[in-house]
Amino acid sequence: MTILVTGGAGYIGSHTCIELVKAGYDIVVVDNFVNSCMEAVNRIRRLCGVEFPFEEIDLTDYSATDGLFDKYKIDAVIHFAGLKAVGESVTMPIEYYRNNLNSTLSLLSAMKKHDVKNFIFSSSATVYGAEAPVPYNEATPVSRITSSPYGNTKLMIEYILKDTAKAISGFNAVLLRYFNPVGAHESGEIGEDPTGIPNNLMPYVARVAVGKLDMVHIFGNDYDTPDGTCLRDYIHVVDLAKGHVAALQKIKENCGVFVCNLGTGKGTSVLEMVKAFSKSCGKDLPYEFTARRAGDLPAFWADPSFAEKELGWKAEKGIQEMCDDVWRWQSKNPDGYRS
Ligand code: NAD
Ligand code: UFG
């Protein structure tokens with residue numbers, strides 16, 4: 001079975017490529033390097049031991065995307081490609097809607113033409129919105145609108161896929177709602193490599209640990225949580241990658257629309273993360289409490305029981321392993337893929 005992995009040079013895509021090859025799938029990888037680089041592809045190939053095909057294509061280009069399906073016999077698409085910085089999306093909504101919606105529509109158009117009916121989409125816990133009770137489970141209705149244009153693209157694409165599955169008989173749409181992916185491959189060869197100053201907690205902490213940034217700023221310590229800092233459900237990226245392999249199994253059962261959380265079911269505070277990372281890198285990382293970040297929710301985590309029941313998948317790696325693996329990646333590659 002051949003899987004088209006879009007955004008496969010990116011953080012989650014790169015780890016998923018490895019798990020797919022391990023599980024015996026053939027892969028074709030596509031990326032336009034808007035947030036990644038060829039070195040990631042070289043390293044994935046080395047780790048897999050397979051020279052899989054790679055195409056540098058912008059998926060918003062309908063004819064280039066269509067050409068992919070002429071060139072390769074694709075059985076399923078795992079669609080990671082997209083712009084993903086929540087804050088940036090607020091100032092660049094047009095670019096976010098254009099990139100994320102058009103890349104999906106162009107893939108779906110090409111799939112319709114070539115009679116490809118299996119699609120796995122990288123959605124996000126953000127679709128549950130601010131009002132949903134925790135833990136989030138799949139029966140929780142999605143919010144009418146999310147807290148950012150980025151989140152709204154996820155919500156809209158979920159609707160596009162549900163409508164497509166209604167219209168095309170036999171179309172399988174798996175919507176995987178990720179919680180907070182962190183960690184890196186145990187080899188330390190691939191990991192998260194954001195350009196500029198990281199927005200997300202884990203890469204920021206890692207850069208403090210490696211001496212590229214001065215100190216961690218913890219956004220708010222007056223939340224109604226055990227230590228006053230926000231709680232999130234951090235999931236190791238390799239566990240997340242394995243969740244996609246499990247989802248392909250579900251597709252083989254002709255699941256139709258299948259919505260599933262990928263999380264651990266455990267909330268961890270920002271302060272606990274900083275402390276765990278300090279243990280991994282062997283020094284106390286400096287931090288200070290600053291004002292709350294606009295739009296942050298105090299606490300959310302997944303109810304992971306549906307994934308376990310339906311996919312036979314469960315996250316296995318804990319917080320310390322996540323931090324150890326990020327530290328291995330960051331200390332071996334202080335400048336990411338440019339090291
Ligand atoms: P990433 O930026 O590392 O990877 C996305 C990849 O897509 C990049 O390599 C980028 O170059 C590529 N890309 C973007 N637009 C493209 C286009 N038009 N054509 C071709 N390639 C394009 O991000 P990631 O963290 O690996 O996230 C993967 C997916 O998971 C994204 O859709 C993201 O929104 C979603 N997601 C991520 C998180 C998270 O915290 N990392 C959480 C929930 C959902
Ligand atoms: N935080 C800090 N300091 C930092 C960065 C983050 O204190 O320098 C805190 C945030 O306030 C938050 C927690 O660390 O409490 C996690 O923040 P992240 O930015 O790492 O992650 P978010 O939970 O805000 O968002 C992530 C993804 C989104 C996705 C969401 C839900 O970035 O794409 O999880 O899945 F939508």
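Positions are given from 1, in the same order as the sequence printed here. In listed order, ligands and their atoms are each counted from 1.
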Under the criterion side-chain contact (heavy atoms from CB on, under 4.5 Å), which of Leu105, Asn32, Asn102 is the partner of Thr60?
Asn102
Phe54 versus Val30: any side-chain heavy-atom pair under 4.5 Å?
no
Min heavy-atom dist Ala125 to ligand 1 below 4.0 Å
no
For ligand 2, which atoms sit closer than 4.0 Å to a heavy atom of Tyr234?
13 (C), 16 (C)
The one among Asn261, Asn221, Asn180 that brings a heavy atom closest to atom 26 (C) of ligand 2
Asn180
Candidate with minimal heavy-atom separation from atom 20 (C) of ligand 1, of Thr104, Ile57, Thr153, Val182
Ile57
For the residue pair Arg43 and Tyr337, would you count it as a cation-pi contact if the rule is NZ or CZ under 6.0 angstrom from the ring centre and within 45 degrees of the ring axis?
no
Out of Gly13, Ser14, Ala64, Ser123, whose heavy atom is nearest to atom 44 (C) of ligand 1?
Ser123
Looking at the rings of His244 and Tyr178, which for Trp means the six-membered one, are their centres under 6.0 Å apart?
yes
Check for me whether Arg232 meets the cation-pi criterion with Phe179, that is, NZ or CZ under 6.0 Å from the six-membered ring centre and within 45 degrees of the ring axis.
no
Using a cut-off of 6.0 Å, state whether more than 12 heavy atoms not belonging to Lys112 lie near its atom NZ.
no
What part of Tyr150 sits under 4.0 Å from ligand 1 if we count only heavy atoms: the side chain, the backbone, both or neither?
side chain
Could you work out, for atom 17 (O) of ligand 2, the closest of Arg177, Lys84, Arg232, Arg293 by heavy-atom distance?
Arg293
Cationic N near anionic O, under 4.0 Å, Glu189 to Lys332
yes
Measuring from non-hydrogen atoms of Asn99 to any atom of ligand 1, is the shortest distance under 4.0 Å?
yes
Counting heavy atoms only, name the option from Val205, Leu201, Val208, Val182 that's nearest to atom 20 (O) of ligand 2.
Leu201
Please determine whether the number of non-hydrogen atoms from other residues, nucleotides or ligands lying under 6.0 Å from atom CG of Asp224 exceeds 12.
no
Any heavy atom of Lys154 closer to ligand 1 than 4.0 angstrom?
yes
Sub-3.5 Å N/O-N/O distance, Met202 and ligand 2
no
Protein heavy-atom partner closest to atom 2 (O) of ligand 1 - residue, atom, separation in Å:
Asn35 ND2, 2.7 Å
For atom 32 (O) of ligand 1, which of Phe121, Phe80, Tyr234, Tyr178 has the closest heavy atom?
Phe80
Establish, yes or no, whether a centroid distance under 6.0 Å links the rings of Tyr234 and Phe277.
no
If we only consider heavy atoms of Val34, is any one of them less than 4.0 Å away from an atom in ligand 1?
yes
Which residue and atom name correspond to the protein heavy atom nearest atom 27 (C) of ligand 2, and how close is it?
Asn200 ND2, 4.1 Å
Assess the pair Phe306 and Phe258: is the distance between their ring centroids shorter than 6.0 Å?
yes
